[in-house]
Q: 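Okay, here's the structure, questions in a sec.
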Amino acid sequence: MPELPEVETVARGLRAALSGRRVSAARVLLAHHMRPSPEALVAGLVGSTFVGVRRRAKHLLLDLDDARCLVVHLRMTGQLRCHRPGDPLARHTHLVLTFVDGGELRWRDVRRFGWMELVAHADVDRLPALAALGPDALEIEAPDFVAALRGSRRAMKAFLLAQDVVSGIGNIYADEILFGARVHPRQVAAGLSARRAARVHAVMRDVLTRAIGAQGSSIDGQYVAVDGAPGAFQFQLQVYRRTGQPCVVCGTPIRRAVVAARGTHWCPRCQVRR
DNA sequence: GTCGATGTTATCAA
DNA sequence: TTTGATAACATCGA
């Protein structure tokens, strides 16, 4: 499931693969979640050239040469991949962009939760989904992060998942960050000591940075990079989906429960609620 | 064949 | 303020 590290990996891949390439044709296979409309998207993309790629939390911003931007959210199962023209078309491919050099960019999304919207550059920040975002998890500084913690009565798991507070973290990394910081997922944010709050911030950066270094986590074959390669961070996960397995630190079986409406994994001995 | 779980986000109710 | 339920959807495994 693409979270900040996975989206960042895709953004880097697209930046290298897309920049300077002009779209010669666009084919919609499933007209779903394309704004303002599939027709407008096709008409707007054909003839345009990609000039750069940015990431905003879990959103991809594909900048075009005509002062417009294709904003993409992969949600649960979305994939953007580069292909050769003859590559077999995978099931659930919704959109195929063909470049003047013959190569293709394909958007695939099994569960169809993802969306894309073509907007003018000037309007990017006005998209409701982007306007509501808090600072990026990799950019927020410790004092601001600690202040946000102080002001929240939410459970830590819910706090890390709330995109309007700190953006980019999803279920996998929320669990990994809380384990790394030795904080219980149901711990009330404002109840953390200054010392522990600072530790959560440091661990958040460390976990996300290492996950980017490993090209993200590929779980159930969902997320892959632009070239189809899986990430490697799933092999370093310490609690996520390790229910019943021994804690890597103390050997206590990892517990699982639903917290903030998500499957949540933690070590009952290392992560004590206070 | 059915059912539950999967995890992101918007929306609405409490 | 915050939480919980629901809905969007397909796939997999029990």
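All chains are named by letter (A, B, ...) in the order of the sequence lines, taking the proteins before the strands, and each is independently numbered beginning at 1. On a predicted model such as this, the values are computed, not experimentally measured, just so you know.
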Q: Heavy atoms only, 4.0 Å cut-off, all strands: where does Ser152(A) land among base, sugar-phosphate and nothing?
A: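 Answer is sugar-phosphate: Ser152(A) comes under 4.0 Å of backbone atoms only.
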Q: Tell me what His73(A) touches on the nucleic acid: a base, only sugar-phosphate, or nothing, going by heavy atoms under 4.0 Å.
A: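 The residue His73(A) makes sugar-phosphate contact but no base contact.
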Q: Just the rounded figure in Å: distance from P of dT2(C) to CZ of Arg186(A).
A: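 After rounding, the reported distance stands at 18 Å.
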Q: Between the side-chain atoms of Arg112(A) and the base atoms of dC9(C), is any donor-acceptor pair under 3.5 Å?
A: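 By the distance-only test, no, there is no pair.
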Q: Classify the nucleic acid contact of Met1(A) as base, sugar-phosphate or nothing, counting any heavy atom under 4.0 Å across all strands shown.
A: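 Result for Met1(A) = sugar-phosphate.
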Q: At less than 3.5 Å, do the side-chain atoms of Arg262(A) and the base atoms of dT8(B) form a donor-acceptor pair?
A: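 There is none.
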Q: Taking the P atom in each of dG1(B) and dC9(C), what is the distance between them to the nearest angstrom?
A: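 The same atom, P, in both gives a distance of 22 Å.
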Q: Are a donor atom and an acceptor atom from the side chains of His121(A) and Asp63(A) found within less than 3.5 Å of each other?
A: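 Yes, because at least one side-chain N or O of His121(A) sits under 3.5 Å from a partner of the opposite role on Asp63(A).
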Q: With a non-hydrogen cut-off below 4.0 angstrom, is Gln222(A) in contact with a base, only sugar-phosphate, or nothing?
A: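 No contact.
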Q: Look at the side-chain N and O atoms of His32(A) and state whether any lies under 4.0 Å from the OP1 or OP2 oxygen of dA8(C).
A: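 Negative; the distance criterion is not met.
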Q: Using a distance-only test with no angle check, is there a side-chain donor-acceptor pair under 3.5 angstrom linking Gln234(A) and Tyr223(A)?
A: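 No, no side-chain donor-acceptor contact under 3.5 Å.
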Q: Between the side chains of Arg273(A) and Gln187(A), does any donor sit under 3.5 Å from an acceptor?
A: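 Their side chains do not contain a donor-acceptor pair, so the 3.5 Å distance test is not met.
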Q: Would you mind telling me which of dT11(C), dT6(B), dA10(B) lies closest to the side-chain atoms of Arg91(A)?
A: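 My answer, after comparing the listed nucleotides, is dT11(C).
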Q: Which residue, Val7(A), Val72(A), Leu133(A), forms the side chain to side chain contact (heavy atoms under 4.5 Å, CB included) with His59(A)?
A: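 Only one option passes, and that is Leu133(A).
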Q: Could you tell me the separation between the CG atom of Leu160(A) and the C1' atom of dT2(C), rounded to a whole number of Å?
A: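 Distance check: Leu160(A) CG to dT2(C) C1' gives 16 Å.
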Q: Please state how far atom CZ in Arg111(A) lies from atom P in dC9(C), giving the value in whole angstrom units.
A: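 Interatomic distance, CZ of Arg111(A) to P of dC9(C): 11 Å.
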Q: Using a cut-off of 4.0 Å on non-hydrogen atoms, how would the nucleic acid contact of Arg153(A) be classed: base, sugar-phosphate, or nothing?
A: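 Sugar-phosphate only.
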Q: Using whole Å, what does the distance between atom P of nucleotide dA10(C) and atom CG of Asp109(A) come to?
A: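 After rounding, the gap between these two atoms is 10 Å.
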Q: Between Arg21(A) and Phe99(A), is NZ or CZ placed under 6.0 angstrom from the six-membered ring centre and within 45° of the ring axis?
A: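 Output yes; distance and angle both within limits.
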Q: When you compare dG4(B) with dA5(C), how far apart are their P atoms, in angstrom units rounded to a whole number?
A: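 To the nearest whole Å, 15 Å.
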Q: Contact class for Ala155(A) (heavy atom, under 4.0 Å): base, sugar-phosphate, or nothing?
A: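 Sugar-phosphate, backbone atoms only, no base.
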Q: Looking at the side chain of Lys58(A), which of dA10(C), dA5(B), dT8(B) is the nearest nucleotide?
A: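 Among dA10(C), dA5(B), dT8(B), the one nearest the side chain of Lys58(A) is dT8(B).
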Q: Would you indicate which nucleotide in dT2(C), dA10(B), dA10(C) comes nearest to any side-chain atom of Arg154(A)?
A: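 Closest nucleotide to the Arg154(A) side chain: dT2(C).
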Q: Of Gly263(A) and Pro128(A), whose nearest nucleotide on DNA chain B comes first from the 5' end?
A: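 So the residue in question is Gly263(A).
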Q: Whom does dT2(B) pair with, Watson-Crick or G-U wobble, provided both distances fall under 3.5 Å?
A: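 WC or wobble partner is dA14(C).
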Q: Roughly, in whole Å, what's the span from CZ in Arg256(A) to C1' in dA5(B)?
A: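 Interatomic distance, CZ of Arg256(A) to C1' of dA5(B): 8 Å.
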Q: Over 60° means perpendicular and under 30° means parallel, so classify the ring planes of Phe159(A) and Phe145(A), tilted if in between.
A: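 Aromatic pair Phe145(A)/Phe159(A) classed perpendicular.
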Q: In whole angstrom, what separates Arg75(A)'s CZ from dA10(B)'s P?
A: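 Value for this atom pair: 6 Å.
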Q: Figure out the CG/P separation between Leu130(A) and dA10(B), and round it to whole Å.
A: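 So the two atoms are 10 Å apart, to the nearest Å.
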Q: What's the CD1-P distance between Ile219(A) and dA5(B), to the nearest Å?
A: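 Ile219(A) atom CD1 is separated from dA5(B) atom P by 19 Å.
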